[in-house]
Amino acid sequence: MAALLCAQAAAAHTLRYDGPMYAPYSGAFTINDNPPAPSISRTVSAGGFKMTDTSGPAPAAGTSFMAWCVDIYGTLTSSTAYTLKTGEQFYGVGSSNVTSLERLASYAFDHWTGADNVASAAFQLAVWEVVTESAKTYSLSSDNFTVTGGDMGTRNLADSWLAQVNAGTYAIDQTLGVWQKGAGSTTQNLAVFAPIPEPQTYTMLIAGLGLMAFVARRRRQNLAA
């Protein structure tokens with residue numbers, strides 16, 4: 001996913017939906033969004049999606065990855081055209097959604113103790129809270145976006161991760177990308193996350209580029225001689 005974020009952000013891709021990443025989905029949660037307009041109350045299952053890129057250029061073609069729904073008003077459609085955007089390209093420079101989602105992923109992924117559908121559902125509920133809640137103080141039980149029903153343990157887990165986002169102190173080590181649906185499509189936009197490269201990775205990259213420049217310079221000198 002990190003390679004996709006760095007190298008494929010401008011390309012159009014067809015993504016195929018391959019079911020839940022951790023089967024089965026956990027449900028049934030009732031999500032409620034009650035701003036002045038529009039409003040919604042819908043019973044849903046929750047969890048990460050397994051998506052496969054079926055058309056992107058190498059190395060993306062055939063790559064499967066986990067993605068998360070950031071829309072509560074649409075329905076995911078398989079084999080749909082998407083373009084990968086950075087978080088700031090999608091939400092805007094300085095958007096609190098970007099910082100909050102990256103902090104959420106950083107904490108949740110560091111404390112995700114098992115590959116199971118409970119944690120997967122909790123993370124999806126927390127993502128919906130971040131992108132839908134107008135108050136920007138996050139809790140599944142208050143303000144305009146709320147979640148009721150379903151497994152209480154899953155909701156409590158989501159709230160414990162959201163509390164870390166509210167605190168605003170946990171170090172961010174994940175970067176957000178958003179697969180944006182094509183114009184006129186009714187499918188959902190999808191969030192993906194990738195680790196921020198460690199500083200030593202940049203050091204190695206710079207050193208490698210310096211070595212390549214040195215080799216190229218020596219080759220030119222040899223040809224001139």
Side-chain angles (χ1 to χ4, degrees), residues 1-6 18-31 44-51 63-72 86-88 90-91 95-133 135-143 145-179 188-201:
M1 201 63 243
L4 288 175
L5 284 170
C6 293
D18 288 333
M21 180 61 74
Y22 304 113
Y25 288 120
S26 180
F29 302 96
T30 300
I31 57 174
V44 298
S45 297
F49 302 143
K50 182 178 181 181
M51 306 297 297
T63 301
S64 293
F65 55 90
M66 182 162 53
W68 310 90
C69 166
V70 292
D71 302 323
I72 62 171
T86 67
E88 289 193 339
F90 185 79
Y91 283 114
S95 171
S96 62
N97 281 353
V98 178
T99 302
S100 295
L101 287 172
E102 290 180 344
R103 183 167 281 118
L104 170 66
S106 299
Y107 185 84
F109 293 171
D110 284 348
H111 295 81
W112 193 315
T113 57
D116 60 67
N117 63 341
V118 172
S120 180
F123 189 78
Q124 178 64 86
L125 296 178
V127 167
W128 281 333
E129 170 69 18
V130 168
V131 300
T132 310
E133 181 57 69
K136 299 307 177 186
T137 299
Y138 304 116
S139 169
L140 297 183
S141 60
S142 62
D143 298 310
F145 181 80
T146 58
V147 179
T148 58
D151 178 56
M152 181 176 292
T154 302
R155 288 187 279 126
N156 289 343
L157 180 59
D159 271 332
S160 72
W161 291 343
L162 289 167
Q164 297 298 322
V165 179
N166 290 333
T169 57
Y170 197 79
I172 292 175
D173 59 13
Q174 295 284 328
T175 185
L176 168 68
V178 179
W179 285 101
Q188 296 166 323
N189 297 304
L190 303 173
V192 290
F193 298 91
I196 296 174
E198 297 292 337
Q200 56 265 32
T201 304

Worksheet item: Is the side chain of Gln124 donor-acceptor paired with the backbone N or O of Cys69 at a distance under 3.5 Å, no angle test?
Response: yes
Item to complete: Give the minimum heavy-atom separation between Asn97 and Lys136, together with the two atoms involved.
Response: OD1-NZ, 2.8 Å
Worksheet entry | Non-hydrogen atoms of Ala46 and Ala121 that approach each other most closely | O-CB, 3.5 Å
Discussion item. With a 3.5 Å distance limit and no angle check, can you tell me whether Asp143 reaches the backbone of Phe145 through a side-chain donor-acceptor pair?
Written reply: no
Worksheet item: After noting the C-alpha distance and the side-chain angles of Ile172 and Ile196, does the key distance pass the side chain to side chain contact (heavy atoms under 4.5 Å, CB included) rule?
Response: CA-CA 8 Å; Ile172 292 175; Ile196 296 174; 4.3 Å; yes
Item to complete: Decide yes or no for Glu102 and Thr175: does some side-chain heavy atom of the first lie under 4.5 Å from some side-chain heavy atom of the second?
Response: yes
Worksheet item: Hey, does Tyr22 have a side-chain heavy atom less than 4.5 Å from the side chain of Met66?
Response: yes
Practice prompt. Nearest 0.5 Å please: distance from the CD atom of Glu133 over to the CH2 atom of Trp128.
Written response: 15.0 Å
Worksheet entry | Straight-line distance of Asn189 CG to Tyr91 OH, nearest 0.5 Å | 7.5 Å
Discussion item. With a 4.5 Å cut-off on side-chain heavy atoms, are Val147 and Thr30 touching?
Written reply: no
Discussion item. Please report the interatomic distance OG1(Thr154) to CZ(Phe123), rounded to the nearest 0.5 Å.
Written reply: 14.5 Å
Worksheet item: Between OG of Ser45 and OH of Tyr25, what distance do you get to the nearest 0.5 Å?
Response: 8.5 Å
Worksheet item: Got Trp179 and Phe65 here, is their nearest side-chain heavy-atom distance under 4.5 Å?
Response: yes
Worksheet entry | Trp68-Phe49 aromatic ring centre distance below 6.0 Å | no
Discussion item. Keeping Asn166 on the side-chain end and Tyr138 on the backbone end, is there a donor-acceptor pair under 3.5 Å?
Written reply: yes
Practice prompt. State, yes or no, whether a side-chain contact exists between Thr132 and Val70 at a heavy-atom distance under 4.5 Å.
Written response: no
Discussion item. Looking at Asp159 and Leu140, would you say the former's side chain and the latter's main chain have a donor-acceptor pair under 3.5 Å?
Written reply: yes
Worksheet entry | Which residues share a side-chain contact (heavy atoms from CB on, under 4.5 Å) with Gln174, sequence neighbours left out | Ala105, Ser106, Phe109, Phe193, Pro195
Worksheet item: OG/Ser139 to CD/Glu129 distance, rounded to the nearest 0.5 angstrom?
Response: 6.5 Å
Worksheet entry | Val130 versus Leu104, closest heavy-atom pair with distance | CG2-CD2, 4.4 Å
Worksheet item: Does a side-chain heavy-atom distance below 4.5 Å link Pro24 with Asn117?
Response: yes
Discussion item. Check for me whether the distance between the ring centres of Trp161 and Tyr170 falls short of 6.0 Å.
Written reply: no
Fill in: Reported CE-to-OG distance for the pair Met21 and Ser120, which is rounded to 0.5 angstrom
8.5 Å
Worksheet item: Counting distance only, does the side-chain N/O of Arg155 pair as donor-acceptor with the main-chain N or O of Gly149 below 3.5 Å?
Response: yes
Practice prompt. With the side chain counted from C-beta on, respond yes when Met51 and Leu190 share a heavy-atom pair under 4.5 Å apart, and no when they do not.
Written response: yes
Practice prompt. For Thr99 and Ser96, indicate whether the former's side chain and the latter's backbone hold a donor-acceptor pair under 3.5 Å.
Written response: no
